[in-house]
Amino acid sequence: MNNITFYMDNFEKESNYEDDVRSLFEKSIAAAGTEFRSDKLWDMYINWEKDHKNFKRVTALYDRLLAIPTQLYSHHFDQFKEHINGHTPRDVLTTDEFLQIRADVVASMGSGEPDDDAPPGVDAPPGLEDPEVAPNKVDPETGPIREKIIEIRKNVFRQTEEEVSKRWAYEEGVKRPYFHVKPLERAQLKNWREYLDFEIENGSHERVVVLFERCMIACALYEDFWLKYAKYLEPHSKVCTSSVFRRACDIHLPKKPNIHLQWAAYEEQQGNVEVAREVLKKLDQNVPGLAMISLRRVGLERREKNYSTVQELLTECISKAKNNAGRSFYAIKLARFHAKVEHDLEKAKEVVNSTLEKDKTNSKLYLQLLDLEFQENQPNEERITALFERVLNSKDISQETKVLFSQRKLEFLEDYGSDVSKLLTAYEEHQKISKQHSSSKKRSHGNGDDGGQEKKTKYNGNQAESQASYNYSAASWSGYNSSNAYNYQHPPWNAYGQGYYPS
């Protein structure tokens with residue numbers, strides 16, 4: 001409105017002044033004319049047309065306005081009635097509409113159909129006669145015609161009134177329609193969500209967009225509203241969807257990872273890979289060290305088959321990691337990339353082994369090595385056994401972890417071992433490790449430790465037992481060990497380190 005006022009004050013002498021002002025009004029109406037509180041804009045437009053004696057245009061504007069649910073809908077209808085009653089019908093209606101309404105009025109009055117094709121010299125229809133010829137002539141049809149005009153619009157008014165009543169409670173719940181850094185109350189956030197859902201379900205596309213724009217003023221710092229807006233626009237306009245993402249990420253939420261990741265995924269889905277790449281790169285600069293961003297960048301380059309870039313990104317993550325947990329996390333990702341994508345197991349093993357030199361206590365690295373060994377077409381018993389021994393003889397590995405690896409060693413020898421003596425030896429070693437672990441737990445309880453922390457880190461034996469357990473009776477192995485029977489459990493072999501993230 002300020003822009004329109006400025007133009008009217010400074011460019012009134014321009015040759016295309018009226019057309020330019022009308023164009024500005026129409027642009028404003030297209031942008032915000034369906035907004036619930038747009039009454040001032042409509043009044044300004046209507047009054048401007050009245051000042052220029054464009055009464056037919058005023059009527060056309062009222063026809064548009066009366067169909068829109070606005071806060072002052074009743075006031076507009078009263079103003080419309082004053083407009084109709086204050087001017088002759090021929091001045092406020094188009095010729096076609098006037099003739100049609102007059103025909104209906106004449107028919108209802110029982111006067112028959114009017115003869116619009118009367119020969120020269122016959123009086124023109126009421127309302128169309130020359131006012132200079134018959135300025136004082138009373139027209140008995142004018143009143144009924146005005147009533148008919150108002151009655152037609154009244155039906156629209158009633159429908160609008162019903163739509164206003166549906167939205168009134170939501171509008172009353174909007175306590176802060178302007179932007180502020182102070183968080184909104186939960187009740188207001190809930191009201192906006194419910195209002196948007198209602199408009200999406202019941203309103204037109206134009207009204208939904210306008211309501212979203214209103215909402216994004218007050219809720220500019222809430223990424224869930226931006227995501228809701230983008231999701232709504234996605235089937236309507238790809239350009240507008242990208243624009244919403246860009247406004248949210250570049251202006252209001254430059255350090256919110258989730259909406260950036262959603263934007264990058266959307267652009268990649270549309271084939272705009274370069275845009276997606278720039279979005280992720282910029283986010284990585286704004287929020288450095290976040291694993292989800294780094295992995296999304298890696299995933300993008302992998303899908304584009306830029307394998308050298310994948311290796312560069314993961315290597316960079318390993319070098320920039322601030323602790324061993326972070327280095328090991330990215331090293332496992334790099335090893336899996338070499339193994340699964342490039343099909344280079346030796347290179348994958350090299351990555352894990354080099355990381356183990358710096359992080360000797362990380363059992364997930366050993367599990368990854370085991371996984372790589374089992375990906376060989378023919379598992380090498382000697383190498384796998386040596387790896388188990390490496391873990392079991394390490395002074396850096398906890399006793400509990402050793403018990404788990406000892407169980408896995410027994411399972412491996414049972415399934416793939418070529419020498420039963422090695423199986424028996426492994427069993428005896430497992431018994432010793434298990435007793436040492438049980439003794440340490442008992443001492444821990446004896447010192448007043450309730451075992452709470454132990455329970456948190458304890459392997460879920462029930463789950464492992466449901467997967468598989470091997471029960472060996474003394475009779476079964478009487479030829480090898482007549483005095484003992486052994487019973488060991490083993491956890492599943494699936495997905496080593498899948499849930500591992502750097503702390």
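None of the values given here were measured: they were computed from a predicted structure. Just the heavy atoms: all of them, side chains too, but no hydrogens, waters or symmetry mates, feed the values below.
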S.K.: Below 4.5 Å, heavy atoms only, C-beta onward: do Phe225 and Leu189 meet side chain to side chain?
M.R.: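 With C-beta onward as the side chain, the pair touches.
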S.K.: With a 4.0 Å cut-off, would you call Asp359 and Lys364 a salt bridge?
M.R.: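 Answer for the salt bridge query: no.
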S.K.: Please find the pair of heavy atoms, one from Ala335 and one from Val351, that lie closest to each other, and give the distance.
M.R.: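 In this case the closest contact between Ala335 and Val351 is N-CG1, 4.4 Å.
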S.K.: Determine yes or no for a side-chain-to-main-chain donor-acceptor pair under 3.5 angstrom, with Ser438 supplying the side chain and Ser434 the backbone.
M.R.: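 Side chain of Ser438 to backbone of Ser434: a pair is present.
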S.K.: Give me the atom names and distance for the closest heavy-atom approach of Trp42 to Gly33.
M.R.: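 Minimum heavy-atom contact is NE1-O, 2.9 Å.
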S.K.: Between Glu376 (side chain only) and Gln378 (backbone N and O only), is there a donor and an acceptor less than 3.5 Å apart?
M.R.: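 No, Glu376 side chain to Gln378 backbone: no donor-acceptor pair under 3.5 Å.
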S.K.: More than 12 non-hydrogen atoms from neighbouring residues, nucleotides or ligands closer than 6.0 Å to CD on Glu185, yes or no?
M.R.: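 Incorrect, the count does not exceed 12.
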S.K.: Would you confirm whether Thr425, through its side chain, and Ser421, through its main-chain N or O, come within 3.5 Å as a donor-acceptor pair?
M.R.: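 A pair under 3.5 Å: yes.
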S.K.: Is there a donor-acceptor pair closer than 3.5 Å between any side-chain N or O of Ser38 and the backbone N or O of Thr34?
M.R.: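 No; judged by distance alone, with no hydrogens or angles, the pair does not exist.
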S.K.: Counting neighbours of OH on Tyr307 that are heavy atoms of other residues, nucleotides or ligands and sit closer than 6.0 Å, is the number greater than 12?
M.R.: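 Enclosed: over 12 neighbouring heavy atoms sit under 6.0 Å from OH of Tyr307.
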S.K.: Is there a donor-acceptor pair under 3.5 Å between the side chain of Asp344 and the backbone N or O of Lys347?
M.R.: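 Such a contact is found between Asp344 side chain and Lys347 backbone.
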S.K.: In Å, rounded to the nearest 0.5 Å, how long is the span from CG of Leu295 to CG of Leu280?
M.R.: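 With rounding to 0.5 Å, CG (Leu295) is 11.5 Å from CG (Leu280).
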S.K.: For the pair Glu274 and Arg277, evaluate salt bridge (charged side-chain N to carboxylate O under 4.0 Å, His left out) and give the outcome as yes or no after the intermediate values.
M.R.: CA-CA 5 Å; Glu274 193 59 39; Arg277 186 179 287 117; 2.8 Å; yes
S.K.: Would you find a donor on one side and an acceptor on the other, under 3.5 Å apart, between the side chain of Lys238 and the backbone of Pro235?
M.R.: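 Such a contact is absent between Lys238 side chain and Pro235 backbone.
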S.K.: Please assess Ile332 against Leu365 for the test side-chain contact (heavy atoms from CB on, under 4.5 Å), listing each intermediate value before the final yes or no.
M.R.: CA-CA 7 Å; Ile332 290 174; Leu365 292 171; 3.8 Å; yes
S.K.: Do Gln407 and Leu404 come close enough that some side-chain heavy atom pair is under 4.5 Å?
M.R.: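 Touching, per the 4.5 Å side-chain cut-off.
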S.K.: Say you draw a straight line from CD1 of Ile318 to OG of Ser354; how long is it, rounded to the nearest 0.5 Å?
M.R.: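 Answer rounded to 0.5 Å: 7.5 Å.
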S.K.: For Pro69 and Phe36, which heavy atoms make the closest approach, and how far apart are they?
M.R.: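 In terms of heavy atoms, the two residues are closest at O-CD1, 3.6 Å.
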S.K.: Under 4.5 Å between any side-chain heavy atoms of Tyr195 and Glu199, yes or no?
M.R.: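 The answer is yes; the side chains approach within 4.5 Å.
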S.K.: Can you confirm whether Arg383 sits close enough to Lys349 that some side-chain heavy atom of one is under 4.5 Å from a side-chain heavy atom of the other?
M.R.: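 Yes - at least one pair of side-chain heavy atoms lies under 4.5 Å apart.
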S.K.: Other residues, nucleotides and ligands only: do more than 12 of their heavy atoms fall within 6.0 Å of CZ on Phe179?
M.R.: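 Check passes, neighbour count above 12.
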S.K.: So do the side chains of Gln270 and Val275 get within less than 4.5 Å of each other, counting heavy atoms only?
M.R.: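 No. Closest side-chain heavy atoms not under 4.5 Å.
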S.K.: Do the non-hydrogen side-chain atoms of Val298 and Lys333 ever get within less than 4.5 Å of each other?
M.R.: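 Counting from C-beta outward, Val298 and Lys333 never come under 4.5 Å.
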S.K.: Show your working on side-chain contact (heavy atoms from CB on, under 4.5 Å) between Glu381 and Leu413 and close with a plain yes or no.
M.R.: CA-CA 8 Å; Glu381 180 181 350; Leu413 291 175; 4.1 Å; yes
S.K.: Could you give all pairs that pass the side chain to side chain donor-acceptor pair (under 3.5 Å) test and reach residues 216-226, with sequence neighbours left out?
M.R.: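 Pairs touching residues 216-226 that pass the test: Arg193-Asp224.
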S.K.: Does a side-chain N-to-carboxylate-O contact under 4.0 Å join Arg158 and Glu161?
M.R.: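 Between Glu161 and Arg158 there is no salt bridge, as every charged N stays at least 4.0 Å from the carboxylate O atoms.
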S.K.: Could you tell me if the side chain of Phe212 sits less than 4.5 Å from the side chain of Ile200, heavy atoms only?
M.R.: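 Yes. Closest side-chain heavy atoms under 4.5 Å.
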S.K.: When rounded to the nearest 0.5 angstrom, what distance separates OG in Ser394 from OH in Tyr366?
M.R.: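 It comes to 4.5 Å.
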S.K.: Applying salt bridge (charged side-chain N to carboxylate O under 4.0 Å, His left out), run through Glu268 and Arg303 and close with a yes or a no.
M.R.: CA-CA 10 Å; Glu268 184 182 356; Arg303 288 187 289 272; 2.7 Å; yes
S.K.: Are a donor atom and an acceptor atom from the side chains of Glu267 and Trp263 found within less than 3.5 Å of each other?
M.R.: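 Yes.
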S.K.: Between Lys166 and Glu201, is the closest basic N to carboxylate O distance under 4.0 Å?
M.R.: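 Looking at Lys166 together with Glu201, the answer is no, because their closest N to O distance does not fall below 4.0 Å.
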S.K.: Looking at side-chain heavy atoms only, is the closest gap between Glu172 and Asn191 below 4.5 Å?
M.R.: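 No - every pair of side-chain heavy atoms lies 4.5 Å or more apart.
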S.K.: Quick one: do Arg64 and Glu26 satisfy salt bridge (charged side-chain N to carboxylate O under 4.0 Å, His left out)? Show the steps, please.
M.R.: CA-CA 12 Å; Arg64 294 163 63 185; Glu26 288 297 332; 3.0 Å; yes
S.K.: Between Tyr266 and Ser242, what is the shortest heavy-atom contact and its length?
M.R.: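 Nearest heavy atoms, Tyr266 then Ser242: CE2-OG, 3.6 Å.
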S.K.: Taking NZ, NE, NH1 and NH2 as the nitrogens, is one of them in Glu316 or Arg297 under 4.0 Å from a carboxylate oxygen of the other?
M.R.: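 No, no charged N to carboxylate O under 4.0 Å.
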S.K.: Of all the heavy-atom pairs spanning Arg176 and Lys182, show the shortest one and how long it is.
M.R.: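 Where Arg176 meets Lys182 most closely, the heavy atoms are NH2-O, 2.7 Å.
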S.K.: What do the steps show when you test Ser294 against Tyr330 for side-chain contact (heavy atoms from CB on, under 4.5 Å), and what is the final call?
M.R.: CA-CA 10 Å; Ser294 301; Tyr330 290 115; 4.0 Å; yes
S.K.: To the nearest 0.5 Å, tell me how far Leu65 CG sits from Asp39 CG.
M.R.: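 If I round to the nearest 0.5 Å, the distance is 7.5 Å.
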S.K.: For the pair Ser165 (side chain) and Glu162 (backbone), establish whether a donor and an acceptor sit closer than 3.5 Å, ignoring hydrogens and angles.
M.R.: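 Pair found, side chain donor or acceptor close to backbone of Glu162.
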S.K.: Yes or no on side-chain contact (heavy atoms from CB on, under 4.5 Å) for Phe405 and Leu370, after CA distance, side-chain angles and deciding distance?
M.R.: CA-CA 10 Å; Phe405 275 87; Leu370 281 174; 3.7 Å; yes
S.K.: Do NZ/NE/NH1/NH2 and the carboxylate oxygens of Arg408 and Glu411 come within less than 4.0 Å?
M.R.: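 Here Arg408 does not pair with Glu411 in a salt bridge, since their nearest N and O are not under 4.0 Å apart.
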S.K.: Would you tell me whether Gln71 and Glu171 have side-chain atoms, one donor and one acceptor, within less than 3.5 Å of each other?
M.R.: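 Distance-only check fails for Gln71 and Glu171.
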S.K.: Distance check, rounded to the nearest 0.5 Å: Ile433 atom CD1 versus Gln431 atom CD?
M.R.: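 If I round to the nearest 0.5 Å, the distance is 10.5 Å.
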S.K.: State whether the side chain of Thr241 and the backbone N or O of Ser237 hold a donor-acceptor pair below 3.5 Å, judged by distance alone.
M.R.: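 It does hold such a pair.
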S.K.: May I ask you to decide if Leu66's main-chain N or O and Thr160's side chain share a donor-acceptor pair within less than 3.5 Å?
M.R.: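 Pair found, side chain donor or acceptor close to backbone of Leu66.
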S.K.: Hey, is Glu429 close enough to Lys409 for a salt bridge, meaning N to O under 4.0 Å?
M.R.: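 Salt bridge between Glu429 and Lys409, a charged N being under 4.0 Å from a carboxylate O: yes.
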S.K.: Counting N and O atoms only, with roles assigned by atom type, does the side chain of Gln375 sit under 3.5 Å from a partner on the main chain of Leu345, one being a donor and the other an acceptor?
M.R.: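 Here the side-chain-to-backbone pair does not exist.
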S.K.: Between CG of Leu221 and NE2 of His180, what distance do you get to the nearest 0.5 Å?
M.R.: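 Spacing of CG (Leu221) from NE2 (His180) equals 11.0 Å.
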S.K.: In a table with atom names and distances, give each donor-acceptor pair under 3.5 Å that connects a side chain of residues 246-262 to protein atoms at least two apart or in another chain.
M.R.:
{"from": "Arg247", "atom 1": "NH1", "to": "Glu213", "atom 2": "OE2", "distance (Å)": "3.2"}
{"from": "Arg247", "atom 1": "NH2", "to": "Glu213", "atom 2": "OE1", "distance (Å)": "3.1"}
{"from": "His260", "atom 1": "ND1", "to": "Lys256", "atom 2": "O", "distance (Å)": "2.7"}

S.K.: Can you name the nearest heavy-atom pair linking Val164 to Thr70, along with the distance?
M.R.: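 The answer is CG2-O, 3.7 Å.
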